[in-house]
Engineer: 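Before anything else, here's the structure in question.
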Amino acid sequence: MTTGTTKKAVVSSVRSGVCHRWSKSLIPTTREAPNDAETPSHILLHRAGYIRQVGAGIYDYLPLAHRVLNKVGDIVREEMDAAGATELLMPALEPFELFEGTKRHEDYGANLFRLEDRKGRLNALAPTHEEVITHLMMGSVSSYKQLPLNLYQVQTKFRDEARPRAGLLRCREFIMKDAYSFHMHVEGPGGLNEAYDAMYRAYTNIFTRCGLDFTAVEAESGPIGGSASHEFMVNCASGEDTILKCPVSGYAANVEKCETGERPKGTLQEPPTGEWTEVHTPNLPGITEVGKAMGVKPERMLKTIVFSVDEGEGKSFKWIIATVRGDHDVNEGKVKTLAGVKKIAMADEKAARAAGFAIGYVSPKCVNAVPGTLLLIDADASHGGFWATGADKADYHAKHFNWRRDVGAALDDSGRVKVGDVRNALEGDPSPRAAGSKLVTGRGIEVGHIFKLGTKYSDAMGFAILDATQQKKSVIMGCYGIGVSRTMAASVEQNNDANGICWPAPIAPYHVLITLMKPEDPKQQEIAGKISCELVGKGIDVLIDDRDERAGVKFKDADLIGLPIRLTLGDKALEQGGVEYKTRRDTGKGEVVPIADVTAKCLAAING
RNA sequence: CGGGGUGUAGCGCAGCUUGGUUAGCGCGCUUGACUGGGGGUCAAGAGGUCGGGGGUUCGAAUCCCCCCACCCCGACCA
């Protein structure tokens with residue numbers, strides 16, 4: 001997304017750089033990656049000596065990684081501060097009583113790390129800090145005059161992920177920046193929307209400054225509704241998340257949220273293609289296998305999913321069945337919207353069976369067979385022609401399903417059957433924002449997520465204060481997260497080549513690597529000292545490779561660790577009164593630059 | 001949680017099918033020599049509870065049982 005990002009110099013002489021020696025650091029590069037590393041960032045961060053695995057989803061951050069994390073953290077802090085937020089630090093250890101109001105330990109379930117202390121009291125390792133900060137605020141803020149406030153921290157988070165994977169991209173312990181804002185109202189000065197917009201801009205600045213190619217996408221709406229949540233996705237083919245974009249309007253959303261333009265609906269009046277014919281299809285795990293067994297392509301099958309409706313909704317139906325084409329996926333959010341209900345859940349298998357649904361073999365006919373059922377038909381599934389479907393009894397599917405013949409009069413009752421959009425958006429779907437434009441898909445790594453919480457937590461925990469009119473009001477909240485360690489990994493996913501990492505200058509652990517061909521040579525030592533002194537004075541961070549290694553080893557390692565600029569001090573260039581200058585992305589051998597010009601050239605390249 | 005896979009030296013692997021000297025190889029590491037601008041050569045070394053426990057057997061890295069760890073796919077994921 002493009003916004004008015006201010007171009008910032010990466011370094012300046014206001015703050016000195018640092019100069020470290022390779023021999024005094026711990027940079028254990030390896031020729032080979034561990035066999036269980038498959039993702040580029042995992043392989044390269046390991047091989048280049050940035051990380052080591054301790055356990056599943058648990059990593060050491062070695063000195064180089066620590067410096068990158070600090071650089072990302074510095075950028076985050078600058079932009080958060082500039083956006084009016086203030087840093088604090090909360091504990092990672094959290095007494096379980098804090099969850100009493102929000103019941104989030106139930107939502108998190110096994111993902112929450114639990115531990116008992118010596119007194120037998122239950123504690124959690126915090127997965128995020130809504131409860132902790134709300135608790136803090138309840139004890140510290142008693143007047144509307146103290147709001148708005150936006151507080152943040154950069155801290156280690158813990159989530160017992162069912163499946164940690166891909167190195168730093170999905171960990172059980174990771175570094176996160178989390179911010180929480182507090183307001184008396186949503187609109188206008190000091191309101192939630194203002195803070196949210198400021199965070200949107202700050203995040204855009206942060207990821208731009210980190211040198212990432214990213215997309216801000218609309219994500220699932222919060223309790224307030226509207227476009228209440230955005231995810232910041234690093235564009236990357238290996239990303240876990242699917243995003244969709246409209247090339248004309250710029251609309252972008254994740255697959256859970258993405259709307260589509262109007263798709264053509266069928267009339268539900270077409271004649272049958274043949275007799276209802278049942279086929280024995282036992283023990284087949286998915287629609288693909290069922291299709292194979294029946295000799296039917298998934299796009300000619302109907303997939304019917306059963307949802308239960310919360311009793312509190314007060315609706316005439318307690319079940320919703322949603323029918324989509326076999327090659328499509330039901331979207332729960334769209335089901336809710338089309339049905340006009342706020343809360344649904346995938347049907348409990350036992351309860352659904354008891355009601356008469358043959359789970360795994362459900363057909364749209366259940367709208368008639370099971371009382372209190374609303375049928376939602378996706379537009380793409382509402383056409384005529386041949387359909388195969390579940391046969392409403394265990395181990396059987398059926399061919400030649402026909403809407404009019406097999407569902408009948410219910411189709412004409414809009415209280416029992418609705419046709420609309422209930423599936424996930426796909427590549428090629430019509431854009432919801434620009435007529436004639438089609439959605440394109442991409443993959444992304446979620447590095448940031450901003451969210452309008454509303455009063456979800458303040459209500460649950462009883463955080464309400466008097467406003468100017470002496471009305472007691474629940475405090476309105478927003479929360480804003482950035483995966484700092486994930487951002488580091490995502491950057492490597494985007495910035496590497498066959499030889500190693502290619503850091504963007506703003507988050508590189510050092511800007512310049514000085515490679516001494518003969519580290520014991522006093523002349524090379526002297527020149528390295530002089531150049532590094534000058535560079536440091538300009539705010540540039542320098543690493544000197546002073547190891548007694550062969551040239552080939554040093555060059556290979558230099559490419560691997562990926563610093564933006566390499567200066568080589570060797571006889572060849574020194575005889576010409578210069579040093580060899582090469583940027584990481586430059587594939588050639590570099591150029592000889594007079595010693596007097598080196599600092600200016602580095603500075604220009606780094607800030608360029 | 002379901003499916004698949006892997007555990008042998010710091011890293012990458014062979015050996016296991018068909019049990020049998022002292023468990024091998026490459027990289028890395030140590031020492032020495034030669035070398036010296038893209039992971040150099042030669043020589044001599046160090047380094048192992050064969051993931052753990054139990055069992056079968058005269059004898060187990062190898063066969064059997066249980067457990068653990070890690071990876072991949074899926075489910076899940078404020």
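Because the structure is predicted, anything quoted here is derived from the model rather than measured. First the proteins, then the strands, lettered A, B, ... as listed; each starts at 1.
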Engineer: Take atom P in B:G15 and the same atom in B:C63, then report the distance between them in whole Å.
Structural biologist: 12 Å
Engineer: Indicate, with a heavy-atom threshold strictly under 4.0 Å, whether A:Ile450 touches base, sugar-phosphate, or nothing.
Structural biologist: nothing
Engineer: Give A:Glu240 one of three labels, base, sugar-phosphate or nothing, depending on what nucleic acid heavy atoms sit under 4.0 Å from its own.
Structural biologist: nothing
Engineer: Provide the distance between the two C1' atoms, one in B:C11 and one in B:G47, to the nearest whole Å.
Structural biologist: 13 Å
Engineer: For A:His42, check ring-ring contact (aromatic ring centres under 6.0 Å, His included) against everything at least two apart and list the hits.
Structural biologist: A:Tyr59
Engineer: Under 4.0 Å between any heavy atoms, over every strand shown, what does A:Arg566 touch: base, sugar-phosphate, or nothing? Just pick one.
Structural biologist: base
Engineer: Using both distances under 3.5 Å as the test, list the Watson-Crick or G-U wobble partner of B:C42, or none.
Structural biologist: B:G32
Engineer: Measuring centre to centre across the rings, with the benzene-like ring taken for any Trp, is A:Phe232 within less than 6.0 Å of A:Tyr200?
Structural biologist: yes
Engineer: Using Watson-Crick or G-U wobble geometry with both distances under 3.5 Å, which nucleotide pairs with B:U6?
Structural biologist: B:A69
Engineer: Does B:A14 have a Watson-Crick or wobble mate here (both distances under 3.5 Å), and if so which one?
Structural biologist: none
Engineer: When rounded to the nearest Å, what value does the distance between C1' atoms of B:A14 and B:G48 take?
Structural biologist: 15 Å
Engineer: If we take the P atom in both B:U62 and B:G51, what is their distance in whole Å?
Structural biologist: 8 Å
Engineer: Assign each of A:His42 and A:Thr29 to its nearest nucleotide of RNA chain B by heavy atoms, then name whichever residue's nucleotide is nearer the 5' end.
Structural biologist: A:Thr29
Engineer: Tell me, please, the opening and closing nucleotides of RNA chain B, 5' to 3', among those with an atom under 4.0 angstrom from a non-hydrogen atom of chain A.
Structural biologist: B:C11 to B:A78
Engineer: Mind jotting down which residue pairs meet the salt bridge (charged side-chain N to carboxylate O under 4.0 Å, His left out) criterion with at least one end in residues 52-63 of chain A? Sequence neighbours excluded, please.
Structural biologist: none
Engineer: Using atom C1' of each nucleotide, how far apart are B:G39 and B:G59 to the nearest Å?
Structural biologist: 45 Å
Engineer: For the P atoms, the ones on B:C71 and on B:C66, what distance do you get once it is rounded to whole angstrom?
Structural biologist: 24 Å
Engineer: List for me each residue that meets side chain to side chain donor-acceptor pair (under 3.5 Å) alongside A:Lys518, sequence neighbours excluded, and say none if there are none.
Structural biologist: A:Asp571
Engineer: Work out how far the C1' atom of B:G52 is from that of B:C68, and round it to whole angstrom.
Structural biologist: 7 Å
Engineer: I'd like to check the salt bridge (Lys or Arg N to Asp or Glu O under 4.0 Å) partners of A:Asp559; sequence neighbours left out, ordered by chain and number.
Structural biologist: none
Engineer: What residue among A:Lys157, A:Glu94, A:His135 forms side chain to side chain donor-acceptor pair (under 3.5 Å) with A:His129?
Structural biologist: A:Lys157
Engineer: How is A:Ala126 classified with respect to the nucleic acid when contacts are heavy atoms under 4.0 Å: base, sugar-phosphate, or nothing?
Structural biologist: nothing
Engineer: Scan every strand shown for a Watson-Crick or G-U wobble partner of B:C58, both distances under 3.5 Å, and answer none if you come up empty.
Structural biologist: B:G20
Engineer: List in chain and number order the residues that pass side chain to side chain donor-acceptor pair (under 3.5 Å) with A:Asp557, two or more places apart in sequence or in another chain; answer none if no residue qualifies.
Structural biologist: A:Thr29, A:Arg547
Engineer: Counting the atoms with a prime plus P, OP1 and OP2 as sugar-phosphate, which does A:Ala33 contact under 4.0 Å by heavy atoms, base, sugar-phosphate, or nothing?
Structural biologist: sugar-phosphate
Engineer: Between A:Pro164 and A:Leu569, which is nearer to the 5' end of RNA chain B once each is assigned its nearest nucleotide?
Structural biologist: A:Leu569
Engineer: Test side-chain contact (heavy atoms from CB on, under 4.5 Å) on A:Asp329 and A:Val324 and set out the steps.
Structural biologist: CA-CA 7 Å; A:Asp329 289 314; A:Val324 299; over 6 Å; no
Engineer: Using atom C1' of each nucleotide, how far apart are B:U6 and B:A61 to the nearest Å?
Structural biologist: 15 Å
Engineer: Using a 4.0 Å heavy-atom cut-off, does A:Glu580 contact any base of the nucleic acid, only the sugar-phosphate backbone, or nothing at all?
Structural biologist: base
Engineer: Give one of base, sugar-phosphate or nothing for A:Ala56, where a contact means two heavy atoms less than 4.0 Å apart.
Structural biologist: sugar-phosphate
